[in-house]
Amino acid sequence: MAKYDNHIKTSYYYSAGSEAYDISPLRRRIVEEERERQLAIEEAKAEEARRKAIFSHRIKFMAAIAMVFIGCIAIMIPHAMIAEQTRKNNVLRDELAALKSENVSLEADIANKVNLEYVETEAQTRLGMSEPQSYQISYIDVPRHSYSVQYDVEDEIITNEGFAFAGLGGLFTKD
């Protein structure tokens, strides 16, 4: 380029009129090559800019798809957790109902087995027991201060019915 620039700069002629001078074929070819090279550079830059724009558009599109996917997962996870907890609650509720039913059945069975008539028939039929004979019965005297005796609250109440001021009666008695 430098050798052509020197040739172009030194090979022009002064024209005093309004008429343009004819460009030499060598200069014309150099100018056309320069234009073609500039056009090729501009086209390459435009192509590079277009490729960058397409790449940027693809990246943005992929980011949007990723955001939608992440949003869907963020919505689905709590719903899945709620569904799982609901399923567990239903299983526990069914288990509780079964246990309550079994509890009622066992309470009825206990009430039946505590009945003295039932105990007596079971002792006679299944265990082969019989009523005690008169010589087998022995009585035990339990002292009054035994732990098995329950205290009667009515025995401890002191009444002063004849005293007019029954509330003040406790002040004048010596214990």
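Just so you know, these numbers come straight off a predicted model, no measurement behind them.
Residues that satisfy the side-chain hydrogen bond (donor to acceptor under 3.5 Å, both in side chains) test with Asp94, not counting sequence neighbours, are absent from this structure. For Arg126, the side chain to side chain contact (heavy atoms under 4.5 Å, CB included) partners two or more places apart in sequence, or in a different chain, are Glu122.
Criterion: ILVMFWY side-chain heavy atoms under 4.5 Å apart, direct or through other members. Under it, Met62 and Ile70 are not part of a common hydrophobic cluster.
Looking at Arg87 and Glu84, a side-chain N of the basic residue comes within less than 4.0 Å of a carboxylate O on the acidic one, giving a salt bridge. The residues Arg29 and Glu32 are annotated as not salt-bridged, no charged nitrogen and carboxylate oxygen being separated by less than 4.0 angstrom.
Remark: side-chain polar atoms of Thr125 are paired, donor with acceptor, to backbone N or O of Thr121 under 3.5 angstrom. Side-chain atoms of Gln136 come within 3.5 Å of backbone N or O of Gln133 as a donor-acceptor pair. Judged by distance alone, with hydrogens and angles left aside, the side-chain atoms of Thr86 form a donor-acceptor pair with the main-chain N or O of Ile82 at under 3.5 Å.
Ile75 is listed as a side-chain neighbour of His79, based on a closest heavy-atom distance under 4.5 Å. Within the 4.5 Å cutoff, side-chain heavy atoms of Gln124 are placed close to those of Glu131. At least one side-chain heavy atom of Ile41 sits under 4.5 Å from a side-chain heavy atom of Lys45.
Separation of atoms CG (Leu96) and CG (Asn103) is listed at 10.0 Å; rounding is to 0.5 Å. Put simply, CD on Glu95 and CD on Glu102 are 10.5 Å apart, with the number rounded to the nearest 0.5 Å. The structure places CG of Asn115 at 14.0 Å from CD1 of Ile110, a figure rounded to the nearest 0.5 Å.
Taking every heavy atom of both residues into account, Arg50 and Glu47 meet most closely at NH2-OE2, 2.6 Å.
Heavy-atom neighbours of Glu117 CD from other residues, nucleotides or ligands within 6.0 Å: at or below the threshold of 12. Heavy atoms from other residues, nucleotides or ligands lying under 6.0 Å from CZ of Arg51 number more than 12.
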